[in-house]
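Data block below; observations after.
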Amino acid sequence: MAVFDKVKCIGTAGEKPVLEGFDDAFSRYNKEEYVLFPGFCDVHVHFREPGFSYKETILTGAQAAAASGYTAVCTMPNLNPVPDSLAHLQPQLDLIREAPVSVLPYGSITVGEKGANLSDLEGLAPYVVGFSDDGVGVADEGLMREAMQRCKALGKLIAGHCEDMRYEDPREREWREIERNIRLADETGCAFHVCHISTAESVSIIREAKRSGVDVTCETAPHYLLLNQRLVQDHGRFKMNPPIHTVEDQAALLEALTDGTVDMIATDHAPHSAEEKSRGFEKSLNGIVGLETAFPTLYSALVGDGILGLEELIALMSAKPRSRFELPAGGDFTIWDLEAEDSIDPARFRSKGRSTPFEGWPVLGRCLLTVHNGKAIYDSEEN
Ligand code: DOR
């Protein structure tokens, strides 16, 4: 049994992880110049299987996660079939058993994510991490109220893609539905998590709701923290939903990250084929990949510029999402060389998706080893 006693441990509450076997990995990576973190956790990824495996499979998505320090991911339900019943979830349950990281599926809130009837929430509850209709909002207030009442009884969280299409302006679409869902969460007592917030108004509403004691948390994604409209180019790799907003929105999100209003960073890893992302900004599909760029870009830009401490960043990528979604960290960990200079090169991604606004960014940080359930699921020397 080998104890990782030389590497600097960040975010492991003073514990020095232990590895059984893997003597080679131990001698390579138990070095003072390396840093060990608890395994990262991403509560918002699209692995596209079943239904769209030309974009990503559970295996390719999980390999991208492992190579980037993640040991747990939660998969969104905009699939075919949509997991709105146990029968429709079953194909995903069969596939995730083979994945190198923990893959925790969401069930859909409504049948087919169509917003008309509720899914079999009770039948799905034992097998899902929570419920979401990610990709679309739930327009019908009565339906969302009933979903929250039933999720409250089931002890399950709702992760809301908030976008009320009755409004023209993308910012208003977001904050209007957040405001309504927070009101419903307050009324029903349901645990509510807001997906990918992107505007200053969303930050203010969530900050206020937390102050008044509503059981609400939220995530934002690296692209909303690191980019703003001035940096957006006419290319599909800048196209996602919600879109990137102003410098002021970016500043509000960064402030929310440091004052605790934003609870976690999730990537919204949303791969599409090269062709689907090659149609220019207007016509390309919404979605960019995120797993393989998240830590190096956030570390280089936020920790590097003194906006966020390294411990805080790690908490936002590991302890905080695990705590809200009740996912134990176990002995999972990842070891990084934070001095390694690199640049974001989509050709080296394990994901089938290659479209990222961070292409070509110079970054610091290279993932050396990722361990999940006592097993090395990624070793940079062997891959
Ligand atoms: O950019 C996005 N891509 N936003 C979404 O809401 C859905 C996602 C996807 O599934 O591609």
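The first residue in the sequence is number 1, and the count goes up from there. Counting convention: from 1, in listed order, for ligands and their atoms alike.
In this structure, of Arg48, Glu163, Met76, Met240, the residue bringing a heavy atom nearest to atom 9 (C) of ligand 1 is Arg48. The option with the heavy atom closest to atom 8 (C) of ligand 1, from among His44, Glu56, His161, His46, is His46.
Note: no N/O pair closer than 3.5 Å links Ala270 and ligand 1 by distance alone.
Asn241 N, 2.9 Å is the protein heavy atom nearest to atom 1 (O) of ligand 1. For atom 3 (N) of ligand 1, the nearest non-hydrogen atom of the protein is Asn286 O, 3.2 Å. Residue, atom and distance of the protein heavy atom nearest to atom 10 (O) of ligand 1 are Asn78 ND2, 2.7 Å.
Between Cys190 and Cys151, the shortest heavy-atom contact is SG-CB, 3.9 Å. Taking each heavy atom of Thr199 and Asp249 in turn, the nearest pair found is CA-OD1, 3.4 Å. Closest non-hydrogen pair, Met317 versus Pro321, comes out as C-CG, 3.8 Å.
Close approach of ligand 1 to Gly135 (heavy-atom distance below 4.0 Å) involves ligand atoms 6 (O). Interface of His272 with ligand 1, defined as ligand atoms under 4.0 Å from a residue heavy atom, comprises 11 (O).
His269 has its ring centre no less than 6.0 Å from the ring centre of His46. Here the two rings, on Phe40 and Phe295, have centers that are under 6.0 Å apart. Aromatic ring centres of His193 and Phe325: separated by under 6.0 Å.
No hydrogens or angles considered: nothing links the side chains of Arg150 and Thr188 as a donor-acceptor pair under 3.5 Å.
Of all the heavy atoms of Leu285, none lies under 4.0 Å from any atom of ligand 1, so neither backbone nor side chain is involved.
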